[in-house]
Amino acid sequence: MAERTAEREEVAERTAVEAEAIARVDAAARSAAEDRQRAAVIAGDAAALERRAAEDGERAAELRETAAERLEKVRLSEEAAAASELRAAEHRTALAVAEVTALEAEDVARLGVRERAERKVARMILSAHTMVPPGQAPERPDKYAVSLEAIGDALGVGRTVAGERRDAAEALIVDGYRG
């Protein structure tokens, strides 16, 4: 009987060791499965981050392209503005030369103050006509292209006198005056 008891104890001990080993294997398998699950979640998160990074990279490239296009438009606008300023400066220079020439001619012709004022307004109207872009300009200069206020300021007169000078300037232009 002692043998049997020893055998039973030995079997029980082996069973306990085997059960403990099986429990450890099961625990390790569960731990490995949990680790695989965590790794899968982390891999999914990493993939999502990579997708977002790729999308952000594409968006950044689009924004860089848009910024470059806008900078090119700004550069072209600045070039056009500079060209317009140059043309305006050339026009002002030509206008000043024409004004001096006209004043000299008026001195030679010994014109009175009223006639000089009418010619000055005629030159203002002709100048305004040359400022209108080709294709948009009326066939002949329009007296209304220069306001009564601008005429009054240039001559130092009121609206009524400015209107009279503008009407007289229009008649000069119709008769062939070209400044």
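What's counted below: heavy atoms across the whole structure, side chains too, no hydrogens, waters or symmetry copies.
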Kindly give the heavy-atom pair with the smallest separation between Met124 and Ala150, and that separation in Å. CE-O, 3.9 Å
Nearest 0.5 Å please: distance from the CZ atom of Arg38 over to the CZ atom of Arg36. 11.0 Å
Please check: side-chain N/O of Ser31 versus main-chain N/O of Ala27, any donor-acceptor pairing under 3.5 Å? no
Flag, side chain of Arg116 to backbone of Leu111, donor-acceptor distance under 3.5 Å: yes
Does Ser127 reach the main-chain N or O of Arg123 with its side chain, forming a donor-acceptor pair under 3.5 Å? no
Apply side chain to side chain contact (heavy atoms under 4.5 Å, CB included) to the pair Leu155 and Val161, showing each step before the final yes or no. CA-CA 9 Å; Leu155 301 178; Val161 173; 5.9 Å; no
Should Arg119 and Leu172 count as side-chain neighbours, where that means a heavy-atom distance under 4.5 Å? yes
Please examine the side chains of Arg140 and Val174, heavy atoms only from C-beta on, and report whether any two atoms are closer than 4.5 Å. yes
Between Arg75 and Glu72, is the closest basic N to carboxylate O distance under 4.0 Å? yes
Can Ile151 and Lys120 be said to form a side chain to side chain contact (heavy atoms under 4.5 Å, CB included), step by step? CA-CA 9 Å; Ile151 294 169; Lys120 181 173 184 146; over 6 Å; no
The reported gap from NE2 in His129 to CE in Met131 (rounded to nearest 0.5 angstrom) is 12.5 Å
Could you tell me whether Glu149 and Arg159 have a side-chain N and a carboxylate O separated by less than 4.0 Å? yes
Criterion side chain to side chain contact (heavy atoms under 4.5 Å, CB included) on Arg166 and Ile125, from CA distance to verdict: CA-CA 9 Å; Arg166 185 168 69 180; Ile125 293 169; 4.1 Å; yes
Salt bridge flag under 4.0 Å for residues Arg59 and Asp56: no
If I take atom CD from residue Glu50 and atom CD from residue Glu55, how far apart are they, to the nearest 0.5 angstrom? 12.0 Å
For Ala128 against Ala145, the heavy-atom pair lying closest together: CB-CB, 3.9 Å
Check this for me: does any side-chain nitrogen of one of Arg114 and Glu118 sit under 4.0 Å from a carboxylate oxygen of the other? yes
Flag yes if Leu148 and Val146 sit in one hydrophobic cluster, no otherwise; membership is Ile, Leu, Val, Met, Phe, Trp, Tyr, and two members link when side-chain heavy atoms are under 4.5 Å apart. no
Under a 4.0 Å threshold between the charged nitrogen and the carboxylate oxygen, would Arg24 count as salt-bridged to Glu20? yes
Are any of the side-chain heavy atoms of Val157 and Glu164 separated by less than 4.5 Å? no
Considering only heavy atoms from C-beta outward, does the side chain of Ile173 approach that of Arg178 to under 4.5 Å? yes
